[in-house]
2 protein chains.
Amino acid sequence: MTWIKAPAGEPREKTRMTTFAEAFQRFADQFLPPNLSDAMHLRFQAAARSSQLGRENSLEFGDGGQHIVFVVRGATKLVAHASESRDQIVAFHFAGEVFTVPEPGNHSYSVSALKDCDILSFRWTDFSTLASSEPAVLRRLLETTMQSLRRCRENAIGLGRKTAGERIAVFLLGMAERIGSEQDGRIFLDLPMSRRDIAESLGLTIETVSRQLTKLKEEGVIQTAGRSGVILGARGHLRDRAGFLLEAA
Amino acid sequence: MTWIKAPAGEPREKTRMTTFAEAFQRFADQFLPPNLSDAMHLRFQAAARSSQLGRENSLEFGDGGQHIVFVVRGATKLVAHASESRDQIVAFHFAGEVFTVPEPGNHSYSVSALKDCDILSFRWTDFSTLASSEPAVLRRLLETTMQSLRRCRENAIGLGRKTAGERIAVFLLGMAERIGSEQDGRIFLDLPMSRRDIAESLGLTIETVSRQLTKLKEEGVIQTAGRSGVILGARGHLRDRAGFLLEAA
DNA sequence: CGCCTGCATTGACCTGGATCAAGGCACCTG
DNA sequence: CAGGTGCCTTGATCCAGGTCAATGCAGGCG
C-alpha cells in the first residue's frame, strides 16, 4: 500500500499516540470475542497492518483486493473515484469503527484521513480465512457490514430523492448522533470534515452546502462557531427539514 | 405482513409454480451448506414464510424488524419510501438471490414484485439465532451482504456524481451482467421493470430515462424491441458512456 | 501581532434535468 | 383484428443547484 496526496510530500507522524501493540489491543477489545484463543489472537495480529495518516493523507490498497479497516484513532472518509475531479465520499468512519474497502472495479476506492489517524488494516483474504471458523467474529463482521449497508441505503435515498436542504439536515442529524455531545438540551458538533467533504458525501457543491448552512443559521435552526463548530437547537426543527416520513405517532 | 397496492384489489396467484416445500428446497440448495444437519434444516424451514406476489404487489413487514428475503422465482425491487410520491428503489433482485430488508427507521422499506414472484422470508431475529452457530451460513450471509453493500456503493456514486446519460449506461451494463443473454457478440436484455422503476432506481424521472434511451438508440449504441427488449451492441460503446475510470491498460 | 494562505461565504448567471402537457404505440381484451 | 388503456415518447418551459467570480475571514507562521 502507498500514501498519496501527502500535502507536505511525506506522511506526518507528529502525534503518533499508539504503538502497533496498543492499536491491535484496541481492535481486539472492540471487535474480537473476549474468549478468543491466544493462538487466534496472534494470527489476527500477524495479519494486521498499521498505518499513521496525517490530515488529508490517503491510503490506497494497491493489491487489487478487498480490505477490512479499523479506525484506532481519528476520523476517516472512504472515497470513491468516479473519474478525474469527480469523487464521491461513500462513508465517514470514526475511532472504534470497522468497515470494508471494496476492491477496485469500475471505480477505485481509498481511505483518507479527516484528521491525524491511526489505522489498522487487513487484507480480506487473510481476515476471511482467520474468521471463517470463528462464528463470533463472523457475527460481529456481519453486524458491521449490515450497519454499513443500512447507512449506505439511507444515503442513497438522500442522493436520489432529497433536496439540498434536506440532505444537509439529514447529514447534521446523522453526525449529531455519531459524534455530537449533548449539553443542556443543545447538541454541540465539532465537524472534522471540510465543506468540500460534506459536499462530496451529499452529491452537492461546496457553495450549495455553504448556502444551506447559512440558511439554517438565518432561520435559527443552528448556530455556528468557527469553521467546524455547529450547535443544533431543538432536534425537532432539523428533523422537520430532513424529508423523513412524518409518523402518525 | 400485509399486501398493499394490489392493482386488482387482491394478490394474484394465477401462476403459482412452487409449493412451500419446493421453494424452501431451492433456498436450501442455493444458500444453506450441503452438510447442514437435518435438524437445523428443519429449524430453518420452520422459520421461513413463503409469499406469492403478483406484478406490482408488495410485501410490507409490519413487525418493525429487519428481514431476510430469498427470491425463489421472479424479480423484485426493494423500495424505500422517503415521503409521499418520493420513492427510491434501493435494489433489484432476481431469482436465486438473497437480500436483507432494513427495519423501518427514518424511512420505511417494502419489497415488491416486478413480475409474478415466489418469495421466502425470515425474520432477522429468527434467522440470526439459527445461523449464529453455523459458520458456513454466516459466511454465506456475509458474502451476500457484502455484495449488496458493493452494489449500493456503486449506485451511490452514480446518484451523487453521474449525469443522466451515465446512469443509464451504468444501469444497462449492470442489467446485462445480471440478466442479459449473449448471442453472437450482442447482448439481449428483457427488462422486467418499467421506465418508472428505472427512473426511481437512478434518481431520475421517466421522461429523462426515455429521452436518454432514445438518444442511445439514435446513436446506434442500443436497439430496442418493444417496451422491455433492449439489444446492446458492442459493450465498449456503453462503457465509454458510463463515466468509469479509464484504465491505462 | 500583522501578514499570508486557503477555506468559506456571497453574488450573478447558466444549464441539466424536472415539470407540465400532448400525442403515440404496445399489448390486451373481447 | 378493432378498440381501449396505460405505458412510453416527445415537445415546451421552468427552476434548483451548478458554475464562475469575487470577497471575507480563521488560523498559522514569521
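Protein chains get the first letters and strands the later ones, always in sequence-line order, with residue 1 at the start of each.
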Polar side-chain atom of [X] near backbone of [Y] as donor-acceptor pair, under 3.5 Å:
| X | Y | result |
| --- | --- | --- |
| B:R161 | A:D87 | yes |
| A:D197 | A:S194 | yes |
| A:R195 | A:R227 | yes |

Where is the tightest heavy-atom contact between A:A75 and A:P192, given as atom of each residue plus distance?
->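 So the two residues come closest at CB-CG, 4.3 Å.
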Residues [X] and [Y] bridged, charged N to O under 4.0 Å:
| X | Y | value |
| --- | --- | --- |
| A:R86 | B:E166 | yes |
| B:E200 | B:K77 | no |
| B:E22 | B:R73 | no |

For B:F70, check ring pair (Phe, Tyr, Trp, His ring centres under 6.0 Å) against everything at least two apart and list the hits.
->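 For B:F70 the ring pair (Phe, Tyr, Trp, His ring centres under 6.0 Å) partners, ignoring immediate neighbours, are B:F27.
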B:F92: what forms a ring pair (Phe, Tyr, Trp, His ring centres under 6.0 Å) with it, not counting sequence neighbours?
->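 B:F92 satisfies ring pair (Phe, Tyr, Trp, His ring centres under 6.0 Å) with no residue once adjacent residues are dropped.
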With the threshold set at under 4.0 Å for non-hydrogen atoms, list the residues of [range] touching DNA chain D in residue-number order.
| range | value |
| --- | --- |
| residues 154-173 of chain A | A:T163, A:A164 |
| residues 197-218 of chain A | A:G203, A:L204, A:T205, A:E207, A:T208, A:R211 |
| residues 222-229 of chain B | B:R227 |

Nearest-0.5 Å distance that lies between atom [atom1] in [X] and atom [atom2] in [Y]:
| X | Y | atom1 | atom2 | value |
| --- | --- | --- | --- | --- |
| A:L189 | A:I222 | CG | CD1 | 9.5 Å |
| A:D116 | A:E56 | CG | CD | 11.0 Å |
| B:F99 | B:T145 | CZ | OG1 | 12.0 Å |

With A:D190, which residues qualify under side chain to side chain donor-acceptor pair (under 3.5 Å), at least two apart?
->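 In terms of side chain to side chain donor-acceptor pair (under 3.5 Å), with neighbours along the sequence ignored, A:D190 is linked to A:S228.
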State which residues pass side-chain contact (heavy atoms from CB on, under 4.5 Å) with A:V170; sequence neighbours excluded, sorted by chain then number.
->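 In terms of side-chain contact (heavy atoms from CB on, under 4.5 Å), with neighbours along the sequence ignored, A:V170 is linked to A:K162, A:A242, A:F244.
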Between A:R167 and A:Q212, does any side-chain donor sit less than 3.5 Å from a side-chain acceptor?
->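 No, because no side-chain N or O of A:R167 sits under 3.5 Å from a partner of the opposite role on A:Q212.
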Heavy-atom contact window of chain A on DNA chain C, given 5' to 3' at under 4.0 Å |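 Range of nucleotides touched by chain A: C:dG6 to C:dA12.
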Would you give me the side-chain donor-acceptor pairs under 3.5 Å for residues 146-160 of chain B, sequence neighbours excluded?
unit_1, atom_1, unit_2, atom_2, d
B:Q147, OE1, B:R150, NH2, 3.0
B:S148, OG, B:T144, O, 3.3
B:R150, NH1, A:Q66, OE1, 2.8
B:R153, NH1, A:T100, O, 2.9
B:R153, NH2, A:T100, O, 3.4
B:E154, OE1, A:H107, ND1, 2.7
B:E154, OE2, A:H107, ND1, 3.4
B:E154, OE2, A:Y109, OH, 2.9

Keeping to residues at least two apart or across chains, list the salt bridge (Lys or Arg N to Asp or Glu O under 4.0 Å) pairs with something in residues 170-182 of chain A.
->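 Qualifying pairs, neighbours excluded: A:E97-A:R178, A:E182-A:R235.
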Give the first and the last nucleotide of DNA chain D, reading 5' to 3', that has any atom under 4.0 Å from a heavy atom of chain A.
->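 From 5' to 3', the first and last contacting nucleotides are D:dG17 to D:dA26.
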In degrees, rounded to 10°, what is the bend between the two ends of the helix from C:dC1-D:dG30 to C:dG30-D:dC1, using five pairs at each?
->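 Taking the rotation axis at each end, their angle is 40°.
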